[in-house]
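So that the names make sense, note that chain A is the first sequence line, chain B the second, and so on, each numbered from 1. Just so it is clear, the values below take in all heavy atoms, side chains as well, and ignore hydrogens, waters and symmetry mates.
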Number of protein chains: 2
Amino acid sequence: MKISMAEIARQCGVSKATVSRALADDPRVKPETKEYIKEVAKRFNYEPHPIASNLARGRTKTIGVVFPAAPRTIADPFFLEYLNGVSSILFEHGYSMLLPQVSWGEGDSTMSQLLAPGRVDGVVLTEPRVDDGRIAFLQKNNMPFVFLGQTNVPGVAWVDGDNEGGAYLAVQELYRLGHRRIAMITGERGLIAAQNRLRGYRRALTELGLPVNQDLIWAGDFTREGGYHTVRNHLQGGAKFPATAIFASNDLMAIGAIQALHEVGLQVPEDVSVIGFDGIEVGRYLSPPLTTVQQPINELGREVAAVLLEQLEKGRRKGVRQATLPVQLVNVGNTAAPPKFS
Amino acid sequence: MKISMAEIARQCGVSKATVSRALADDPRVKPETKEYIKEVAKRFNYEPHPIASNLARGRTKTIGVVFPAAPRTIADPFFLEYLNGVSSILFEHGYSMLLPQVSWGEGDSTMSQLLAPGRVDGVVLTEPRVDDGRIAFLQKNNMPFVFLGQTNVPGVAWVDGDNEGGAYLAVQELYRLGHRRIAMITGERGLIAAQNRLRGYRRALTELGLPVNQDLIWAGDFTREGGYHTVRNHLQGGAKFPATAIFASNDLMAIGAIQALHEVGLQVPEDVSVIGFDGIEVGRYLSPPLTTVQQPINELGREVAAVLLEQLEKGRRKGVRQATLPVQLVNVGNTAAPPKFS
DNA sequence: ACAAAAAATGCAACCGGTTACACCCCGCCG
DNA sequence: CGGCGGGGTGTAACCGGTTGCATTTTTTGT
């Protein structure tokens, strides 16, 4: 059995209280006493039991990290780079991460089992939906939380990339190259990020004087398979491919789209240009690297964690932080003018 | 504040003890009482506080998952797919995962802070090294653990893919295609997996009657950057590239190698064939998909978790489980005969 | 030198459960 | 009719810390 605080107290001839304070560097204990207690603790190789400590002070020094819902997985590249950023900040501040088993429909019971009664001090979530049910749940339980992604519920902390602006950039670039039939692969309809990217696409087309053609807005789900299948479907029947360029709402779908195009012998970017969104590392592994709207993914994670910790450490907050980080188009060399122009 | 067990007890007119037993389905509680208590608990939406519960019974229902050391990161694709498998099994059994902040040199003090005194019931680790210092540490602290990766210390539970056999397969395939100058990019020297893959490479060459040429064994570190740089180095000086094929110890390095080759205008597989190891999902996103030795990554994770839970639930085990899972070569279409043969 | 203020420490309750053991009540047996 | 046995429940200690408040010790002021 590990040695306990009571034991240390006995060894030092003081009370548990003093030991506790000494180890917490409480200024109320006399420096020499403190010194001595620490010395003894070190000799006995004593370390306070975190569970007991957490129980006593009602906190856990643990943050719950909720990952994207199916069909996306915890192994989603975007999520992982983001997680990397989150973890680096949390760890710097002595927090651990708990990846809970949550498979909620609307964020209720399943979540409560793991997050509610004292397992975590706060939660970071991804992919807010319109009127996300999890928000009400967390607020009701008075649990601090931050979203990766803008929410449509006011008073909620979030950090996001500039989705609309990024989509706008992408479409503009394709237009500049001469494309006029620009398809878009959307994300899952309910996700706010998907909607904002779609809005950027629409706005760009409109401002450029192009019609917004519903037949060029294809439904995706942010997975590679989704991108692949939606493009396959539009390649059916031997008809001419209806677009000269595709803007995919994220890189995974862009990758899937490219695979589908390759399978029918279409070259990227010679025959069809493709631009993705996110700037996941994997995109750089392709040859040529994927043209994409680069989000500062790692930075987003760090910022999310920072905002949450701010809430936690400064107690009940004085206003909720919301931040939009800039995005930029990268690897623009890997798109081209449409065939008829070349 | 959440409602407590004492409160429920008062409401029911019984003692905390009875409530505790009723909720735990203790047979000593009269069925009707049990029924009633459960009913009341439900009405009050009561759920026992896990931290308190854990403190009282000295366990946590949490597993520590240690991730690879620098230069690899928590966002390493292999690790994440593996983590996915681990998590699915753990969650099925009601366990959570704790990703601790560990940056140990040889697995000592840093680790103890997060794992030792009662935060986790068990630990899963990756990437055992030769005479891994963490083993002694965990054993000393009487902490159940399982490694992903064969260890050289007897009596330790582990699960691994067939590293040597996989490497052997890869080299054999390259030989079959006509390659005779087959380079290998190794993993970090101290890692047992790296050594076993190197052994498979050596054994294959020897059995095929080829010399083992030290100049064709290039040092890598299991990162993409490592693969990239080692190949760049061997492309220096305008000399002819010394190999017609590369076997990289993992996929990330294979991807890095391919990038380096592309940068000097060499085509894969026309000019140089490349085979990786692991079969991470990202490899399938390349065009053409990466030829690689596919490990059952997800399954490895599941198995690791299962072995650990077995240790935990069946108390002190009567013999430690060790398992080697089979691997197979995939996407073999994306390697080719060496140029002079074509 | 003595009282008052300040500093240091101890006491004991508390966090929210679990569990060994004591206890009570009742039916059954001799 | 008294005692035994066992099911059902309560008591209280315990897990290992934290912390408000009381108490003791030391310092400071006059």
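- When rounded to the nearest whole Å, the span between CG of B:L55 and P of D:dT18 equals 12 Å.
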Under 3.5 Å, which donor-acceptor pairs link side chains of residues 13-26 of chain B to any protein atom two or more places apart or in another chain?
from  : atom 1 : to    : atom 2 : distance (Å)
B:S15 : OG     : B:A17 : N      : 3.4
B:S15 : OG     : B:T18 : N      : 3.3
B:S15 : OG     : B:T18 : OG1    : 3.3
B:D25 : OD1    : B:K38 : NZ     : 2.9
B:D26 : OD1    : B:R28 : N      : 2.8
B:D26 : OD1    : B:R28 : NE     : 3.2
B:D26 : OD2    : B:R28 : NH2    : 3.1

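- Residues passing the side chain to side chain contact (heavy atoms under 4.5 Å, CB included) test with A:E35: none are found, sequence neighbours excluded.
- When the nucleotides D:dG17, C:dG16, C:dG17 are ranked by their closest atom to the side chain of A:P48, D:dG17 comes out on top.
- For the pair A:N54 CG and D:dG16 P, the computed distance is 14 Å after rounding to whole Å.
- Sorted by first and then second residue, the salt bridge (charged side-chain N to carboxylate O under 4.0 Å, His left out) pairs with a member in residues 76-89 of chain A read A:R72-A:D76; sequence neighbours excluded.
- With sequence neighbours excluded, the residues that form a ring pair (Phe, Tyr, Trp, His ring centres under 6.0 Å) with A:Y82 are A:F79.
- Helix-axis bend for the helix from C:dA1-D:dT30 to C:dG30-D:dC1: the local axis fitted to the five terminal pairs at one end deviates from that at the other end by 60°, rounded to 10°.
- Looking at residues two or more places apart in sequence or on another chain, you find a side chain to side chain donor-acceptor pair (under 3.5 Å) between B:E303 and B:R321.
- Computed from coordinates, the A:H49 NE2 to D:dT18 P distance equals 11 Å when rounded to whole Å.
- Contact annotation for A:S53: backbone-only contact, meaning every heavy-atom pair under 4.0 Å involves sugar-phosphate atoms and none involves a base.
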Legend entry - CA sep, side-chain torsions, deciding dist, call: B:F145, B:R134, side chain to side chain contact (heavy atoms under 4.5 Å, CB included): CA-CA 10 Å; B:F145 66 96; B:R134 299 173 291 184; over 6 Å; no
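- Residues satisfying the side chain to side chain donor-acceptor pair (under 3.5 Å) criterion with B:T62, sequence neighbours excluded, are A:R119.
- Whole-Å rounding puts the A:D26 CG to C:dA7 P distance at 13 Å.
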Under 3.5 Å, which protein N or O atoms sit close to an N or O of nucleotides 22-24 of chain C? Give each pair with its distance.
none

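- Nucleotide D:dG17 holds its P atom 12 Å from the CZ atom of A:R57, rounded to whole Å.
- In this entry the distance linking CD1 of A:I51 with C1' of D:dC15 reads 11 Å, nearest Å.
- Atoms CZ (A:R59) and P (D:dT18) sit 9 Å apart, rounded to a whole Å.
- By the ring pair (Phe, Tyr, Trp, His ring centres under 6.0 Å) test, A:F222 is found to be paired with no residue, residues two or more places apart in sequence or in another chain being considered.
- Here A:S4 does not reach the OP1 or OP2 of D:dG16: none of its side-chain N or O atoms lies under 4.0 Å away.
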Inset, instruction - Starting at the 5' end of nucleotides 8-14 of chain C, put B wherever the base has a protein heavy atom under 4.0 Å, S where only the sugar-phosphate does, and a dash everywhere else. - result: SBBB---
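- No side-chain donor from either of A:T324 and A:D160 sits under 3.5 Å from a side-chain acceptor of the other.
- Partners of A:E39 by salt bridge (Lys or Arg N to Asp or Glu O under 4.0 Å), not counting sequence neighbours, listed by chain and number: A:R43.
- Residues satisfying the side chain to side chain donor-acceptor pair (under 3.5 Å) criterion with A:N84, sequence neighbours excluded, are absent altogether.
- Across the protein-nucleic acid pair, B:D121 atom CG and D:dC15 atom C1' stand 15 Å apart, rounded to whole Å.
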